[in-house]
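Dropping a structure here in structure tokens format, bear with me for questions.
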Amino acid sequence: MAEQERAVRTRRTILLAAAKVFQERGYKAATIAEILSEAAVTKGALYFHFSSKEDLAQEVLSSQNQDFVVPDCPSKVQEVVDAVLLHTHRLRTDSMVRAAVRLAMDQLADGLDRSAAFVRWRELVQERLEKAQAQGELLPHIVPTETADVVVGTYAGIQSMSQALSDYQDLPARVNALLRHLLPSIVVPSVLASVDMSESRTLKLHDELTAQSR
């Protein structure tokens, strides 16, 4: 049991080190030597858990969707907003998520499957938009598949802009502006009036999910 726990800790240490290097250097410039130095482990230990730099990067990429839960809410539009708010919080507070997003947006990351994160987010948003449509929360012209792509694509652009300009410090304000511009063209006015996009809701959701995971 002790050996198994040590192996889990070592794997996590290597992943965190890889995330830090990928976030700072990008996929192409990052080297195994830098990751080894950051993790302070032997080459043998790294290759016991991961077969290559690509394998490491794919594991970091997949972490963006691991343990990500959006609480149920009567309004499915609110669930879409909550997903955006929670992911925004994670981008600002979780180094692994930041590294995963950096890799997903890295057009020089040849050989990596960068599509999975976008597909997962599109599915998450589309599923909730379809439920929102069934509940009469959306305007008549909305096509959930199309709108999901717009939401995910515009968010990707906003977060990339925020990262370049302020290292995500202004991301909540930019995301709030994005939602205020997008939602009126998607959501029925009576539903939109009750949607909460505040920072206090973000913190409340995060605290509730943290308490549940303990």
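For the numbers below, each heavy atom of this structure counts, side chains included, while hydrogens, waters and symmetry mates do not. What you are looking at is a predicted structure, and each value in this text was computed from that prediction instead of being measured. Counting begins at 1 with the first residue of the sequence.
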Which pairs count as salt bridge (charged side-chain N to carboxylate O under 4.0 Å, His left out) when at least one residue sits in residues 50-59, sequence neighbours excluded?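 Output for this query lists Arg11-Glu59.
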
Pairing donors with acceptors under 3.5 angstrom, does anything connect the side chains of Gln133 and Glu137?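 Judged by distance alone, the side chains do not pair up.
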
Pairing residues for Gln159 by the side chain to side chain donor-acceptor pair (under 3.5 Å) criterion, not counting sequence neighbours: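 Gln159: side chain to side chain donor-acceptor pair (under 3.5 Å) contacts with Tyr168.
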
Got a sec, which pairs hit ring-ring contact (aromatic ring centres under 6.0 Å, His included) with one end in residues 131-156, sequence neighbours left out?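 Sorted pair list: His87-Tyr155.
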
Less than 3.5 Å apart, which donor and acceptor atoms pair up between the side chains of residues 143-151 and the rest of the protein, not counting sequence neighbours?
| from | atom 1 | to | atom 2 | distance (Å) |
| --- | --- | --- | --- | --- |
| Thr147 | OG1 | Val143 | O | 3.2 |

Show every side-chain hydrogen bond (donor to acceptor under 3.5 Å, both in side chains) that has at least one partner inside residues 25-41, sequence neighbours left out.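 Every pair satisfying side-chain hydrogen bond (donor to acceptor under 3.5 Å, both in side chains) with a residue in residues 25-41: Arg25-Glu34, Thr31-Glu34.
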
Can you tell me which residue pairs pass the side-chain hydrogen bond (donor to acceptor under 3.5 Å, both in side chains) test with a partner in residues 100-111, sequence neighbours excluded?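 Every pair satisfying side-chain hydrogen bond (donor to acceptor under 3.5 Å, both in side chains) with a residue in residues 100-111: there are none.
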
Test side chain to side chain contact (heavy atoms under 4.5 Å, CB included) applied to Arg201 - qualifying residues, sequence neighbours left out: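 Scan of Arg201 (side chain to side chain contact (heavy atoms under 4.5 Å, CB included), adjacent residues dropped) gives Cys73, Gln78, Asp82, Asp196, Ser198, Leu205.
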
Sorted by first residue and then second, give each side-chain hydrogen bond (donor to acceptor under 3.5 Å, both in side chains) pair with at least one member in residues 174-189; sequence neighbours left out.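 As it turns out, the side-chain hydrogen bond (donor to acceptor under 3.5 Å, both in side chains) pairs with a partner in residues 174-189, which skip direct neighbours, are Asp170-Arg174, Asn176-Arg180.
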
Per the ring-ring contact (aromatic ring centres under 6.0 Å, His included) rule, what does the pair list look like for residues 95-117, sequence neighbours excluded?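 Not a single pair qualifies under ring-ring contact (aromatic ring centres under 6.0 Å, His included).
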
For Phe50, which residues count as a ring-ring contact (aromatic ring centres under 6.0 Å, His included) partner, sequence neighbours excluded?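 In terms of ring-ring contact (aromatic ring centres under 6.0 Å, His included), with neighbours along the sequence ignored, Phe50 is linked to no residue.
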
List in chain and number order the residues that pass ring-ring contact (aromatic ring centres under 6.0 Å, His included) with Phe118, two or more places apart in sequence or in another chain; answer none if no residue qualifies.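 Counting only residues at least two positions away or on another chain, Phe118 forms no ring-ring contact (aromatic ring centres under 6.0 Å, His included).
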
Once ring-ring contact (aromatic ring centres under 6.0 Å, His included) is applied, do any residues pair with His89, and if so which ones, sequence neighbours excluded?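 Counting only residues at least two positions away or on another chain, His89 forms a ring-ring contact (aromatic ring centres under 6.0 Å, His included) with His206.
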
